[in-house]
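Here the structure comes first, spelled out in structure tokens, and everything after it is commentary.
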2 protein chains.
Amino acid sequence: MPTTSSVIKKRAAFDVGCEVCENYNCLIKKNLLLTAGSDALLKRSIRCKKGQQFIIEGAPVNGLFFVLKGKVKVFRTGINGKEQIVRFAKEGEIIGHRGFGTEEYYSIGAIAIENTVLCYFSKSVLQEALLSNAKLAYDFMMFYADELNRSESKVKSISQMTVRERVIDTLLYIHRKFGVNKGYLDVVLSRKEYADHAGTTEEQVIRVFSALKTEKLISASGKKIAINDIQGLKNEISEHNFYLDS
Amino acid sequence: MPTTSSVIKKRAAFDVGCEVCENYNCLIKKNLLLTAGSDALLKRSIRCKKGQQFIIEGAPVNGLFFVLKGKVKVFRTGINGKEQIVRFAKEGEIIGHRGFGTEEYYSIGAIAIENTVLCYFSKSVLQEALLSNAKLAYDFMMFYADELNRSESKVKSISQMTVRERVIDTLLYIHRKFGVNKGYLDVVLSRKEYADHAGTTEEQVIRVFSALKTEKLISASGKKIAINDIQGLKNEISEHNFYLDS
DNA sequence: GCATAAATACGTATTTATACTTAACAAATT
DNA sequence: AATTTGTTAAGTATAAATACGTATTTATGC
């Protein structure tokens, strides 16, 4: 345990203060600690079990989350409860888009897809930090601009790709986002979750996976998916992505 | 003509300096003029005729545009040249998402859909302004966060709505964005453009419009579309939008 | 370790939605 | 008047969703 100069606060093991946090992808860690010293007060750590929902669509907004450790899916629920996964998030990423703005309610839901530790910053604290630190606000802006880029890219994809292409696109996205561990994609998702991201049904995903397995492009052991020929997959959707690879 | 204290520069009529600009929705106008005085130097005004493309997908990024006057469509071109309109922009809005960042190339294209005047800010000027003015950066961030929200909402729509619903959704979006003038939507779009925004084909749009006309929900006189029963339209897609109305 | 439930992996047939094609005609533009 | 663009319609092809069934594998509780 590191000794901070001031009082040691009561903390669970997972409740790491910003000053000792290892997560240098975190915009807060990157920017705020360079100037002020007392940032430990700002945040609260929250632990989520796999499957636990920590943002509910329509609930009042009161802050913003960072993923300290773990993985999260961000979604919107449509008619008849069909869920559209708008993105996944891993360590260092921000959840709760407008947690500091004028929006009254969350327009997305978020569920931990494995055991996850979140850092929570309240609206007011964050707003103050952003307005007093131009670099921090700038980095936040860049984060959103990037996400916007990706999202608009996805709008195009979904409206122009076939189911097969969308499933492949999702596989490549997961590969980029979470990478590979021991040959398998380093995240465990159900077929339903692949479907919810690709904007199709579970059955279609299973069918496409079967075809891809037959074609030796991927292989699977239960929920663990391995990509055997990433270039082969990329080729199939390359015509859709002239300029962007994100 | 207002008299600025310093030298009067050579300017075309449309090339309005920030100091006399009437566009108080503009983030630059709103934030920067309050502090610095010499902003007229920062920007260049560019005039576009209807139909003129001023951002080409894949071209090198060197700055960012504001719409001073007029209307613009922002799109991505997919396979076989099919174009997906990701959004429309009107006075005060920003075009060219990452015009100040590290991105090398524009990932979107932009075309003026009527005669338009743009203000152009170079990458470096803008970056400097953002990093020295937290409120400006904050406002930019909010703009992108909003756009992200809308875009993710659209991802959901496209993957869960029927063609009819998507066309209605587009009509309502246009209504919110551009409003009504003399009973008609205050923008002239082709059926193709409605289709490109709704992620469908021109013929489908025409078919849906026909049906909506029969049902007295809309009426049309050529390209001018009037919404007769906005609540009726909203009802059809209300199940998809529990929480968000943007 | 075993029983049971749940998820996964197919197959196939039906229905529906959407896309594509063509053609004829109207309207607007030059 | 000629040409382009927009509109409407109808028919066909295709893609996708839906609804089955059923074996197999994988979790989970006891």
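Just so we're on the same page: letters track the sequence lines, and every chain starts at 1. Here the structure is a predicted model, which means the values were calculated and not measured.
A ring-centre distance under 6.0 Å is found for A:Phe209 and A:Tyr194.
Heavy-atom distances to DNA chain D give each of B:Ser190 and A:Gly199 a nearest nucleotide, and the one nearer the 5′ end belongs to B:Ser190. Both A:Val163 and B:Glu202 lie close to DNA chain D; mapped to their nearest nucleotides by heavy-atom distance, the more 5′-ward contact belongs to B:Glu202.
Around the NZ atom of A:Lys50, the shell of radius 6.0 Å holds no more than 12 heavy atoms that belong to other residues, nucleotides or ligands. Heavy atoms of other residues, nucleotides or ligands lying less than 6.0 angstrom from NZ of A:Lys71 number more than 12.
Remark: A:Glu93 does not engage A:Arg150 in a salt bridge, criterion side-chain N to carboxylate O under 4.0 Å.
The phosphate of C:dC20 (OP1 or OP2) has no side-chain N or O of B:Thr201 nearer than 4.0 angstrom.
Taking atom CZ of residue B:Arg191 and atom C1' of nucleotide C:dA28, one finds them 13 Å apart after rounding to whole Å. Spacing between atom CZ of B:Arg164 and atom P of C:dA17 amounts to 12 Å, rounded to whole angstrom units. Going from atom CE of A:Met161 over to atom C1' of C:dA19 covers 18 Å, rounded to whole Å. In this structure, CD of B:Glu203 is placed 18 Å from P of C:dC25, rounded to the nearest angstrom.
Contact check for B:Lys213 versus B:Ile218: side-chain heavy atoms found under the 4.5 Å cut-off. Contact annotation: the side chain of A:Ile225 never approaches that of A:Leu189 to less than 4.5 Å [non-hydrogen atoms, C-beta and beyond]. In this structure the side chain of B:Leu171 reaches within 4.5 angstrom of the side chain of B:Leu185, judged on heavy atoms. The closest side-chain heavy-atom distance from A:Ile158 to A:Arg166 is below 4.5 Å.
Fit an axis to the five pairs at each end of the helix from C:dG1-D:dC30 to C:dT30-D:dA1 and the two axes sit 60° apart, to the nearest 10 degrees.
Among the atoms of the strands shown, only primed sugar atoms or phosphate atoms (P, OP1, OP2) are found under 4.0 Å from some heavy atom of B:Lys223. Nucleic acid contact for A:Lys213: sugar-phosphate only, since backbone atoms but no base atoms lie under 4.0 Å from a heavy atom of the residue.
B:Cys119 and B:Lys43 get closest at one heavy-atom pair: SG-NZ, 3.6 Å.
The footprint of chain B on DNA chain D, defined by a heavy-atom cutoff below 4.0 Å, extends from D:dG6 to D:dA10.
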